[in-house]
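Below is one structure, written out as structure tokens; the observations come after it.
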Amino acid sequence: MRVLVTGGAGYVGSHTVYALLEAGHQVWVLDNLSRGHAEAIPSNLLTVGDIHDVPLVVELLRRHRIEAILHFAAFALVGESVQHPERYYENNLRGGLALLQAMLQADVRKMVFSSTCAVYGVPTHSPISENAPTNPINPYGRSKLAFEWALADLAHSGQIGYAALRYFNAAGARPDGTLGEDHDPETHLIPLVLQTALGLRPYVEIFGTDYNTPDGTCIRDYVHVDDLANAHVRALERLHVGQAIVCNLGIGRGYSVREVIAACQEVTGRRFVVREAARRAGDPPRLVAEPTYALQVLGWQPRYRDIANIVETAWRWHRSHPQGFRSQ
Ligand code: UDP
């Protein structure tokens, strides 16, 4: 298929660009590079521009006869969303609506949307199935859920088909070490731990050791970024107009912060300082996916199931790119 990937220079977006190319699709990328990296993707695919720019998007969609959009362009930091909710509604919701407007004008009828388990808020049950109530507790999760509602209503009216893929914790890197995670500022656990192992940070902090979990630290479902990319390709290939797919993407197994740090110590073979710190505001104690619906609807199963294997891929990236894409 001929597809446009918004936010395709970002972390999950860029891995998906390669997965799409490997599956034989024709890919164009729209990214404003506010958070993404031009170096992450082949330069001939990239248009530097913004999803708010409806005439630009319509022109791109028509010129390349695009059949579907994979929409990753968004802000994704919970803490920042609490500080600056306006940015999140502006980019994630209003930007998304502008993209929908362009899509309808250009008669493009399918969208695969990068959603998040943050739409569930603090879940009452674990693992979390797609039927769990959506009750996001921060502007990031709310902005993503609000856009899911818009998609649902458009699908219901028969104008589009969409898949909203609710990721748990995206992690890891391309196994050859050429592509990986590079955020500024970095807030995610695995990159922070590996940067500490490289000596780029003096210590790593555990945010909260008094949670009601076996070792007192938060539990998350870490899913490899290439597995996420593969799920997007599958969603794209299965989707038809009028359809609404809402699906969790996780491995169905949780690891605690201490377990992740232990896996990083084992994989890197390095010693580094670990400090116990206060809880980070807004962190639910346990977020683990019930992943069976993804198998049913997308035929998707993660290939990476062990945290050490995921960390190994991330370690190859961080070791060869200690300054991220600036290392090249
Ligand atoms: N975390 C931590 N220290 C850090 C960064 C994260 O203990 O320096 C914890 C965080 O509180 C959460 C888990 O690691 O329980 C995963 O956090 P991350 O920011 O990677 O992803 P999130 O779950 O927020 O999407």
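Note that the structure is predicted; figures quoted are calculated from it, not measured. Atoms within a ligand are numbered from 1 in the order they appear, just like the ligands themselves.
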Worksheet item: Which bit of Tyr211 is near ligand 1, meaning a heavy atom under 4.0 Å away: side chain, backbone, both or neither?
Response: neither
Worksheet, complete the sentence: For Thr187, the ligand 1 atoms with a heavy-atom partner under 4.0 Å come out as 5 (C), 19 (O)
Worksheet item: Distance only, no hydrogens: is a donor on one side chain within 3.5 Å (strictly under) of an acceptor on the other, for Glu237 and His25?
Response: yes
Worksheet item: Between Asp227 and Arg305, does at least one N-O distance fall below 4.0 Å, as a salt bridge requires?
Response: no
Response to the item:
Under 4.0 Å from one or more heavy atoms of Tyr222, ligand 1 contributes atoms 13 (C), 16 (C)
Practice prompt. Report the nearest protein non-hydrogen atom to atom 9 (C) of ligand 1: residue, atom name, distance rounded to 0.1 Å.
Written response: Val257 CG2, 3.7 Å
Worksheet item: In terms of side-chain heavy atoms, does Arg253 have a donor or acceptor partner in Tyr255 at a distance below 3.5 Å?
Response: yes
Discussion item. Angle between ring planes, His71 versus Phe147, binned at 30° and 60°: parallel, tilted or perpendicular?
Written reply: perpendicular
Practice prompt. State the atoms of ligand 1, each with its element, that fall below the 4.0 Å cut-off from a heavy-atom position in Cys218.
Written response: 15 (O)
Worksheet item: Among all protein non-hydrogen atoms, which one is nearest to atom 3 (N) of ligand 1, and what is the separation to 0.1 Å?
Response: Glu205 O, 2.7 Å
Worksheet item: Does the N or O separation between Phe207 and ligand 1 drop below 3.5 Å for any pair?
Response: yes
Practice prompt. Say whether Asp283, considering both its backbone and side-chain N or O atoms, lies within less than 3.5 Å of an N or O atom on ligand 1.
Written response: yes
Worksheet entry | Non-hydrogen atom of Tyr167 closer than 4.0 Å to ligand 1 | no
Worksheet item: Who gets closest to atom 20 (O) of ligand 1 by heavy atom: Leu189, Asn169, Val78, Thr209?
Response: Leu189
Discussion item. Between the side chains of Glu80 and Arg35, is the shortest nitrogen-to-carboxylate-oxygen separation below 4.0 Å, so that they form an ion pair?
Written reply: yes
Item to complete: Please check if the distance between the ring centroids of Tyr293 and Trp300 is under 6.0 Å.
Response: no
Discussion item. Any carboxylate oxygen within less than 4.0 angstrom of a Lys/Arg side-chain nitrogen, looking at Arg258 and Glu276?
Written reply: yes
Worksheet item: Which of the atoms of ligand 1 are close to Ile206, meaning less than 4.0 Å from one of its heavy atoms?
Response: 7 (O)
Worksheet, complete the sentence: Filtering Arg279, Arg280, Arg220 for the heavy atom nearest atom 24 (O) of ligand 1 leaves Arg280
Worksheet item: Backbone or side chain, does any N or O of Leu192 fall under 3.5 Å from an N or O of ligand 1?
Response: no
Show every donor-acceptor pair shorter than 3.5 Å between a side-chain atom in residues 104-115 and any protein atom, with sequence neighbours excluded, or say none if there are none.
| from | atom 1 | to | atom 2 | distance (Å) |
| --- | --- | --- | --- | --- |
| Asp107 | OD1 | Arg109 | NE | 2.9 |
| Asp107 | OD1 | Arg109 | NH2 | 2.6 |
| Arg109 | NH1 | Gln159 | O | 3.0 |
| Lys110 | NZ | Leu239 | O | 3.3 |
| Ser114 | OG | Tyr167 | OH | 3.0 |
| Ser115 | OG | Glu148 | OE2 | 2.6 |

Discussion item. Quick check on the hydrophobic clustering: are Leu21 and Leu236 connected, directly or via other members, by side-chain heavy-atom contacts under 4.5 Å?
Written reply: yes
